[in-house]
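One structure below.
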Amino acid sequence: MAFNKTIIPRVMASILSQTRNVLQAEAVLAVEGAETFECDVEKLQLHDLTAIAGLGGPISLLIAFSFERSLLDVIFAKVTADIEIPEGEKPLYLRETAAEIVNTILGLCTADFQNIEQTIALSPPVILEDARCIHRPRNAVFASMRVRTEKGVVTVSFVGPRELFDEYLNYQMAG
Amino acid sequence: MTAFKVLIVDDSLITVKKLTALLEGLGHRVVGTAGTGGTAVEAYRRHAPDLVTMDITMPDMDGVEATARIVGEFPEARIVMVTSHGQERMVIDALDAGARGYVLKPVRPEKLAEMIDKVMAR
């Protein structure tokens with residue numbers, strides 16, 4: 001089934017709902033609001049630390065969660081509260097925290113799309129640690145959503161069709 | 001309560017640590033871990049665990065295929081999927097592949113204990 005950008009609002013709604021649930025369950029954090037920018041986005045700004053995963057099948061989107069450091073620090077503290085972090089490995093576990101949270105959110109989102117005929121494959125999250133600005137190629141669709149919590153913002157970027165980019169959001173020229 | 005030897009298959013360091021703490025808190029012993037589906041099969045051969053906890057989304061080979069390979073080689077293997085994957089179809093695929101049950105992340109100790117009791121009693 002080909003990529004169809006009309007699915008993006010539904011994916012956004014699902015991600016917002018599951019982000020709210022997961023942040024509350026894992027980090028006792030309330031989502032205070034969200035702003036969406038649908039399909040008219042010309043560039044994406046990734047900041048601090050970004051976890052990117054792909055949803056396959058008819059959704060065909062790469063989804064990038066860019067965490068403000070203040071928010072990620074709070075999530076990290078809660079998620080790792082009951083495990084021992086080896087000295088010097090905090091940066092590794094910070095990346096793991098972002099990946100784990102994103103994997104949980106997107107995994108739960110797949111349930112919202114299970115009436116679609118195909119299975120929605122979910123790729124393991126990869127991490128980007130450099131701030132980047134990505135300009136939209138003509139044949140791509142960008143959308144984004146800012147989810148605000150009391151401890152900071154996570155910006156969720158939607159990039160499709162997925163096959164135009166590698167897993168780190170580098171544009172792959174056709175042919 | 002019987003203490004079981006458990007192999008954890010998950011690519012998330014945090015999940016591995018959390019599951020290890022949960023399983024040890026329930027009196028079981030984690031005998032090995034694997035971070036990909038491909039290494040899970042080899043780890044099963046090496047450790048001969050009583051029970052495997054298996055993630056679905058992993059690099060290299062997903063948990064459904066890894067389950068099918070382990071059960072293909074060791075039909076008596078007891079595998080519980082531990083996953084955030086909410087799709088019923090994906091879970092059914094895992095059960096079709098030979099998994100004995102599943103627990104959703106974030107994992108709650110009582111849910112994990114209940115699932116282990118059910119799976120190991122069969």
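Numbers restart at 1 for each chain; the letters A, B, ... are given by sequence-line order, proteins then strands. Side chains are part of it too, since the values below use all heavy atoms of this structure and drop only hydrogens, waters and symmetry mates.
In the hydrophobic clustering of this structure, B:I8 does not group with A:I83; members are Ile, Leu, Val, Met, Phe, Trp, Tyr whose side-chain heavy atoms approach within less than 4.5 Å, directly or through other members. Clustering ILVMFWY residues whenever any of their side-chain heavy atoms sit less than 4.5 angstrom apart, transitively, puts A:V154 in the very cluster that holds A:M12. Under the 4.5 Å side-chain heavy-atom criterion for grouping Ile, Leu, Val, Met, Phe, Trp and Tyr, A:L16 is connected to A:L23 within one hydrophobic cluster. B:V9 and B:F4 sit in two unconnected hydrophobic clusters of ILVMFWY residues. Membership requires side-chain heavy atoms under 4.5 Å apart, directly or through other members. Hydrophobic cluster membership differs between B:I56 and B:V107, with clusters built from Ile, Leu, Val, Met, Phe, Trp and Tyr side chains linked at under 4.5 angstrom.
Within residues 93-105 of chain A, the residues having any heavy atom closer than 4.5 Å to a heavy atom of chain B are A:Y93, A:E96, A:T97, A:E100, A:N103, A:T104, listed by residue number. Residues from residues 27-36 of chain A never place a non-hydrogen atom less than 4.5 Å from a non-hydrogen atom of chain B. Within residues 58-84 of chain B, the residues that have a heavy atom under 4.5 Å from a heavy atom of chain A are B:M58, B:P59, B:S84, listed by number. Within residues 13-39 of chain B, the residues having any heavy atom under 4.5 Å from a heavy atom of chain A are, by residue number, B:L13, B:I14, B:T15, B:K17, B:K18.
Neither the backbone nor the side chain of A:L106 comes within contact range of chain B; no heavy atom of the residue lies under 4.5 Å from a heavy atom of that chain. Looking at A:V22, there are no atoms closer than 4.5 Å to chain B (heavy atoms on both sides), in backbone or side chain. Interface remark: A:L122 contributes backbone and side-chain atoms alike to the contact with chain B (heavy atom separation under 4.5 Å).
Annotation for B:K5: atom NZ counts as buried by contact number, over 12 foreign heavy atoms lying within 6.0 Å. More than 12 non-hydrogen atoms from other residues, nucleotides or ligands lie less than 6.0 angstrom from CD of B:E110.
Of the residues considered (A:G107, A:A121, A:A53), A:G107 shows the highest number of contacts with chain B, using heavy-atom pairs under 4.5 Å.
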